[in-house]
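Quick notes on the structure that follows.
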Amino acid sequence: MKRKLTSLLEKSIQAGMDAGLLPPPVPSHIEVELTKDPSHGDYASNVAMLLAAQARKNPREIAKILSEGIADPEGVLERVEIAGPGFLNFFVRGGAFAVLLETVDRQGDLYGSSDLGRGRRIQVEFVSANPTGPLHIGHARGAVVGDVMANVLTAVGHQVFREYYINDSGNQMNNLGESVLLRYRELLGETVTFPEGCYRGDYIRDLAAELLKRDGDRYLHEKPEEIIPLFTDYAGGAILEGIKEDLRLFGVGFDLYFSERELYRDDGVGKLLRELQEKDFIYREGEALWFRTTAFGDEKDRVVIRQNGDPTYFAADIAYHRNKFLRGFETVIDIWGADHHGYIPRMSAAVQALGYEKDALKVILVQLVNLLRDGKPVAMSTRSGEFVTLREVVDEVGKDAARYNFLMRRSDSHLDFDLELAKRQSIENPVYYVQYAHARICSILRMAAERGVDLPGFSQVDATLLRLPEEIDLIKTIARFPEVVEGAARTLEPHRLTFYLNDLAAIFHSYYNKNKVLSDDGGLTAARLFLVGCVLTVLKNALKMLGVSAPEKM
RNA sequence: GCCCCUGUAGCUCAGACGGAUAGAGCGACGGAUUCCUAAUCCGCAGGCCCCGAGUUCGAAUCUCGGCAGGGGCACCA
């Protein structure tokens, strides 16, 4: 409908220019919006006010020219009014809205999807927690945001690849191995002291116990530096398996778990650094190698090889990002915790130094979750082992409620997550509001089936019978769904879906309470059944994008 | 000190590319169920859009300067 009105306006503008009433050019983007106030019609455009500037005429005068120039062969419009400072208000003929539902009927499960992305390849990297401990609630938010972002991008026609980068090399992994070794020795009766930086969680002791059970005490007298790699591999592997399982239970899947170690095979990182050194993006100062990230706006250059010869995390990440682009992704999206925001300029610099457009890398920052229990902050630290795991949240709160909650706010907004509150008030959780709308419609359809009435298709109903204000409202909202998906994809803001769903569910619930779908009037019953069937389709499609279930009964 | 995010109703938050009288949920208060699921609905109340300038026909939205909260400023990841 929006598109139709936009095109009518465009033609009118063109006609006005041809007649010499308006100066060219035609604006590149004509805005037509849904109105908030019914007295402003159904849709409105501010285009006359925009044209007024270049025409140096009164906006209302321009609006008059435009409204008179509109040709409406299909009879979509009842009337066009000029209002306020120069708005064009479109009043759509009642029956014309019903046509919008034809698309829903035709597209079914695909309604809301489009091919705007034209199959362009996008990679989304998210979670990427290093396997030194189980995923905690902070990771959960990034996991959902990334997962749904990928779903949304897929829906608008991109070819999306989901990836988890495993930081399975370097200091932190070494600390992990050492931590397990220390617990292992402790289990064998030694008194050990844990140095700063070691992991203390219970899971470390569990891993040590498993290793002890499997291999006995034979590592007790080995030299630590020789035996730590074995401990690291064992622990890292086991933890990673746990992470994968937790994500699976949370409904989050990946196309690839990419190991950092891969990058070092055949001296891959070293070769890349030498290449960049030849291009003068890397230089030596003292014993260390530095990347000239200041050439692209970073505030200082960054070390890639330390004095001791070890590469930094950054060095591997440069190689990783080049690897992504070499695999043919046009756009690469990284989803990071907000505590990594200082890392953006250097990563962006690296991408540009590698010869890719700045825009080819998009970084989404997800603010950290402020975890509460009964209103009191819960201390979170992987090293001390004090944290609430993703697994616990899924078990306590449930997958659907947890996922939905993480999408209730913009990613860059702080999020309080109170475990007790989430549990206690779970029945009042917004996710149930939306799911309930879905279940209610299913219930109506079941009842209709019992009476021998099937869900009709568009061609079987007289959709012009749907003319109550609430019905028009529902139709408009249903018609908005594809735009919401597109908007979420364009701005990389998946939270728009939950807000839309709340809107749609609210309008439906209100309609449901006021009007009977099933009645003695066969024609009206069919039309209304068809309408709620369309609502059902949208709810189902949207919930699927969110990875939240759509129950038929509650 | 520098950089990023946030600041909107009692609380938690939306607010599209600058548009008309700034919205929702929760909470408070008052109502609705012989009828497709009351996990619902209806009504009512609640505002210095952090402050101050600027840009313009028009600013919660854009610019500049402040204030407050959070985060970041590693040869950690």
Side-chain angles (χ1 to χ4, degrees), chain A residues 29 31 33-37 39-40 44-46 49-50 52-53 58-59 83-87 89 128-130 132 167 170-173 175 197 260 285-290 299-300 302-317 337-345 365 367-368 370 408-416 425-437 439-448 450-451 483-484 487 490-491 493 495-496 498-500 502-503 505-506 508-519 525 528-529 532 553-554:
Chain A
H29 186 80
E31 191 170 331
E33 289 188 317
L34 277 168
T35 55
K36 292 172 209 152
D37 186 334
S39 72
H40 297 149
S45 178
N46 65 349
M49 288 179 284
L50 297 178
N58 184 325
F87 286 102
N89 290 340
S128 299
N130 53 8
T132 54
N167 305 141
N171 278 341
Q172 299 304 323
M173 291 305 287
N175 286 344
E260 182 182 358
E285 189 176 293
E287 295 296 305
L289 283 185
W290 295 73
E299 57 189 17
K300 60 176 291 232
R302 309 290 174 174
V303 170
V304 284
I305 300 288
R306 302 184 183 103
Q307 277 186 21
N308 68 7
D310 287 344
T312 59
Y313 175 83
F314 181 43
D317 221 4
D339 53 340
H340 287 64
H341 84 83
Y343 195 75
I344 295 175
L365 293 180
Q367 285 293 335
L368 302 188
N370 188 22
M408 292 276 300
R409 279 166 192 65
R410 280 200 340 253
S411 300
D412 53 10
S413 169
H414 300 271
L415 171 65
D416 286 343
Q425 296 191 338
S426 64
I427 211 148
E428 294 163 25
N429 202 301
V431 69
Y432 297 112
Y433 185 76
V434 175
Q435 288 182 319
Y436 187 50
R440 263 186 159 171
I441 295 172
C442 288
S443 173
I444 296 172
L445 297 184
R446 277 194 301 272
M447 193 61 66
E450 273 176 31
R451 299 183 190 178
E483 293 161 27
V484 172
R490 190 183 65 245
T491 57
E493 292 179 350
H495 75 278
R496 292 185 183 203
T498 54
F499 283 91
Y500 169 78
N502 278 322
D503 274 359
F508 167 74
H509 282 311
S510 176
Y511 175 63
Y512 176 92
N513 269 276
K514 227 185 280 183
N515 305 99
K516 299 285 290 180
V517 172
L518 307 176
S519 67
T525 296
R528 289 184 170 173
L529 262 181
V532 298
K553 281 185 185 171
M554 285 176 74

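Side chains are part of it too, since the values below use all heavy atoms of this structure and drop only hydrogens, waters and symmetry mates. Below, read A as the first sequence line, B as the second, and so on, with proteins coming before strands; counting in each chain starts at 1.
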Specify the separation, in whole Å, of atom [atom1] of [X] and atom [atom2] of [N].
| X | N | atom1 | atom2 | result |
| --- | --- | --- | --- | --- |
| A/Glu483 | B/C17 | CD | C1' | 14 Å |
| A/Asn46 | B/A59 | CG | P | 15 Å |
| A/Gln367 | B/G7 | CD | P | 11 Å |
| A/Leu289 | B/C75 | CG | P | 14 Å |
| A/Tyr500 | B/A16 | OH | P | 18 Å |

**Request:** Give a yes or no on whether a donor-acceptor pair under 3.5 Å exists between the nucleobase atoms of B/A77, that is its base, and the side chain of A/His340.
**Result:**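 Donor-acceptor pair under 3.5 Å: yes.
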**Asked** Mapping A/Phe87 and A/Tyr436 to their closest nucleotides on RNA chain B, which lands nearer the 5' end?
**Response**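 It is A/Phe87 whose nearest nucleotide is closer to the 5' end.
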**Asked** A/Met447 or A/Trp290: which one's nearest nucleotide on RNA chain B is closer to the 5' end?
**Response**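 The residue closer to the strand's 5' end, by nearest nucleotide, is A/Met447.
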**Message:** Whether A/Arg490 contacts B/A16 is assessed here as follows: a side-chain N or O lying under 4.0 Å from the phosphate OP1 or OP2. Is that the case?
**Reply:**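 A/Arg490 to B/A16 OP1/OP2: no side-chain N or O under 4.0 Å.
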**Item:** Any A/Lys300 side-chain N or O less than 4.0 Å from OP1/OP2 of B/C75
**Value:**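 For A/Lys300, the contact criterion (side-chain N or O under 4.0 Å from OP1 or OP2 of B/C75) is met.
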**Request:** Identify the heavy atoms of A/Asn89 and A/Ala44 that sit nearest to each other, and give their distance.
**Result:**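 Between these two residues, the closest heavy atoms are OD1-CB, 3.4 Å.
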**Whether A/His495 and A/Phe499 hold their rings parallel, tilted or perpendicular, with breakpoints at 30° and 60°** =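 Perpendicular.
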Can you pull every protein N or O that's under 3.5 Å from an N or O on nucleotides 21-24 of chain B?
unit_1, atom_1, unit_2, atom_2, d
B/U21, O4, A/Asp37, OD2, 3.2

Rounding to the closest angstrom, what is the interatomic distance between [N] and [M] at atom [atom1]?
| N | M | atom1 | value |
| --- | --- | --- | --- |
| B/G7 | B/G54 | P | 24 Å |
| B/U6 | B/C17 | P | 14 Å |
| B/C51 | B/A38 | P | 44 Å |
| B/C36 | B/G47 | P | 40 Å |

**Asked** With sequence neighbours excluded, what pairs up with A/Tyr500 under the ring pair (Phe, Tyr, Trp, His ring centres under 6.0 Å) test?
**Response**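 Ring pair (Phe, Tyr, Trp, His ring centres under 6.0 Å) list for A/Tyr500, sorted by chain: A/Phe481.
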**Request:** Measure from the side-chain heavy atoms of A/Arg410 and tell me the nearest of B/C75, B/G15, B/C36.
**Result:**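 Nearest listed nucleotide: B/G15.
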